[in-house]
Asks: 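The following block contains the structure, expressed as structure tokens.
Naming: A, B, ... by sequence-line order, numbering from 1 per chain. These numbers were taken from a predicted model, which means no experiment stands behind them.
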Number of protein chains: 2
Amino acid sequence: MAEETRDRVKRMAAEIGFRPNALAKSLLSNRSFTIGLLTNDTYGRFTLPVMAGITEALADHGVSVFLCTIEDDPALGKVHVDAMLDKHVDGIIASGKRIDRRLPVDLSNLPVPVVYAFTEGAPDSVTFCADDFQGATLAVKRLIELGRRRIAHVTGPESFVSVRERSRAYRGLVGDAFPVLYGEWSEAWGHEAIAKLWMAPGPKPDGIFCGNDQIARAVVDGLRERGVRVPEDVSVIGFDNWEIVAAQTRPPLTTIDMNLKALGREAGLTVLALAEGHAVEPGIRTLPCELIVRQSCGGDSKL
Amino acid sequence: MAEETRDRVKRMAAEIGFRPNALAKSLLSNRSFTIGLLTNDTYGRFTLPVMAGITEALADHGVSVFLCTIEDDPALGKVHVDAMLDKHVDGIIASGKRIDRRLPVDLSNLPVPVVYAFTEGAPDSVTFCADDFQGATLAVKRLIELGRRRIAHVTGPESFVSVRERSRAYRGLVGDAFPVLYGEWSEAWGHEAIAKLWMAPGPKPDGIFCGNDQIARAVVDGLRERGVRVPEDVSVIGFDNWEIVAAQTRPPLTTIDMNLKALGREAGLTVLALAEGHAVEPGIRTLPCELIVRQSCGGDSKL
DNA sequence: CTGAAAGCGCTTACAG
DNA sequence: CTGAAAGCGCTTACAG
């Protein structure tokens, strides 16, 4: 075949928009350039950022991702996992809405690599999660740096490891002058907690670290309703950086971002490496959180 | 081959967990049992319910779905569409965050069927969207049935068709005693609107229909802060049924649900039908909204 | 009714 | 260096 012919063929192929059939390729290469994201987070609060990170990392590798939302239904889970295996995904990323619960499906002994992100993984697997302790430390330290000396902690149910980690960080920095207030992940609980705190005798807190943004929002609202100024009288910091809540609070919440997108990116890259046969050390990888400064804590944002 | 042998083979196949390679199957059948969901709704507010509907309708047909979030980046859009076509998806569902904007990618003349859900479609395509006019009618009628006679409408930017449709429905039922207040889709605007309404001379509204739940939340908060009781003095109804906002408002919001999940289900079924070669009438299919009664409008919930 | 062959669209390894 | 063949894992159509 002459140079010229070869060129002509190539040109025509490009012109005509020839695209090789990825399915046929996969049949040979054992690589489908497809991965599955399995989650029970129907609301997408945690899974969407993770998903965004995965896509960001893998889109230009030509990898597409199947999103499978399985609620808490083992049967649905099996259906989705089987469908993914039949389609020969290169790997699976399991995700969820809390780091101390497993998805209702058995992902061990699959013929493809599995990586866990923001959900509890199998013992010898690779698991990514946010560093709750470090994130909480960031928040409480900021309150201390702002000169706050009576810092309270209003948070979610003690059954969550995240809650325990965060309050452990709080305790370490603040001691036990104030009780940690455990409750629901709701605004109702935030209001209740503020009522408790302000009805108690003795000096009131001048800083409140909240277990999530919903609680923080209610705390800020509750304070305003009592005529207490935020951030002048009391500094409030939340957790999650859930835009819809944090940005709409009056004043907008300073809060902790878990960097879920970075987490997704790492998980994506890792599952790809595994799929390509690279060895990856198993274990729990903890990614740092970040302080997002808005207006609910006051002070110089460059502190 | 004896009956017995055939049985034994089948049994062994099941035992050993034999699963046919879907990729190989696809090569022959021209069906990959895979569809793509393309969206620019990074937050997932609208796309996630649509996605849930699609999955619900198609999971037991063995169809998996690629989720592709393309922000507003045409280049990214093309990358994803090409990746999907290479993988021979059976069809594509385009979705978005408003019904009068197109995705930044050309989906005409693709070799696979395309269906639009909650985004503007190509002229001769199948498009699904919620019935804004009917939804707004539901809300305003409810306010009227509750005996409200001075009903105001606080909503988003007039540039949205949804906004214009909803206010057209409002106008039709209420007349023009009150101006329609157009603004941002934010709580800040809700507060501002209440300030305007309550500073104006003359009788105050006794019912407020809001363009979305964020505005409604702020309206309820603003009213409470002015000592106006909701729902005793003023009935408020929102739009969207965005759980995180509607359920946490004090009192929780009565609101309109666009039935996005049903929309996703229809879109999924339709794209599948097209993939199977069935003819589908092009055009815009409008799905009805639903009134979700909580406590912000008062009255008998069975009205 | 059973069993072997041809073919889906590619890539890899091998013979000329 | 070029070109034909074999094969990935299936299904379909055809010959015995």
Asks: Ignoring hydrogens and geometry beyond distance, is a side-chain donor-acceptor pair present between A:S32 and A:K87 at under 3.5 Å?
Replies: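 No, no side-chain donor-acceptor contact under 3.5 Å.
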Asks: So if I define the base as every atom that isn't primed, P, OP1 or OP2, how would nucleotides 9-15 of chain D read as a B/S/- string at a heavy-atom cutoff under 4.0 Å?
Replies: BBS----
Asks: At their closest point, which heavy atom of B:V245 faces which heavy atom of B:D213, and how far apart are they?
Replies: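 Taking B:V245 first and B:D213 second, the nearest heavy atoms are CG1-O, 3.4 Å.
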Asks: Just wondering, do B:L76 and B:E71 contact through their side chains at under 4.5 Å, heavy atoms?
Replies: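 Yes. Closest side-chain heavy atoms under 4.5 Å.
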Asks: Please list all pairs passing the salt bridge (Lys or Arg N to Asp or Glu O under 4.0 Å) test where one or both residues lie in residues 27-54 of chain A, with sequence neighbours left out.
Replies: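 Every salt bridge (Lys or Arg N to Asp or Glu O under 4.0 Å) pair that includes a residue of residues 27-54 of chain A, provided the two are not neighbours, is A:R31-A:D90, A:R31-A:E276.
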Asks: Determine yes or no for a side-chain-to-main-chain donor-acceptor pair under 3.5 angstrom, with B:N40 supplying the side chain and B:D72 the backbone.
Replies: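 No; zero donor-acceptor contacts below 3.5 Å.
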Asks: Listed by chain and number, what are the side chain to side chain donor-acceptor pair (under 3.5 Å) partners of B:R265, not counting sequence neighbours?
Replies: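 B:R265 satisfies side chain to side chain donor-acceptor pair (under 3.5 Å) with B:E56 only.
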Asks: Do other residues, nucleotides or ligands put more than 12 heavy atoms under 6.0 Å from A:L110 CG?
Replies: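 Above 12, so yes.
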Asks: With sequence neighbours left out, what residues match A:F160 under ring pair (Phe, Tyr, Trp, His ring centres under 6.0 Å)?
Replies: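 Partners of A:F160 by the ring pair (Phe, Tyr, Trp, His ring centres under 6.0 Å) criterion, ordered by chain and then number, come out as A:W185.
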Asks: Going by heavy atoms closer than 4.0 Å, what residues in residues 81-90 of chain B are next to DNA chain C?
Replies: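 Under 4.0 Å from DNA chain C: no residue of residues 81-90 of chain B.
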Asks: Centre of B:F133's six-membered ring, under 6.0 Å away, within 45 degrees of the axis: is that where NZ or CZ of B:R166 sits?
Replies: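 The answer is no; the distance or angle limit is not met.
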Asks: Should the pair B:E120-B:R101 be classified as a salt bridge under the 4.0 Å nitrogen-to-oxygen rule?
Replies: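 Result for this pair is no, no salt bridge flagged.
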Asks: State the dot-bracket string of DNA chain C. Criteria: Watson-Crick or G-U wobble, both atom distances under 3.5 angstrom; notation: ( ) intrastrand, [ ] crossing earlier pairs, | interstrand, . unpaired.
Replies: |||.||||||||.|||
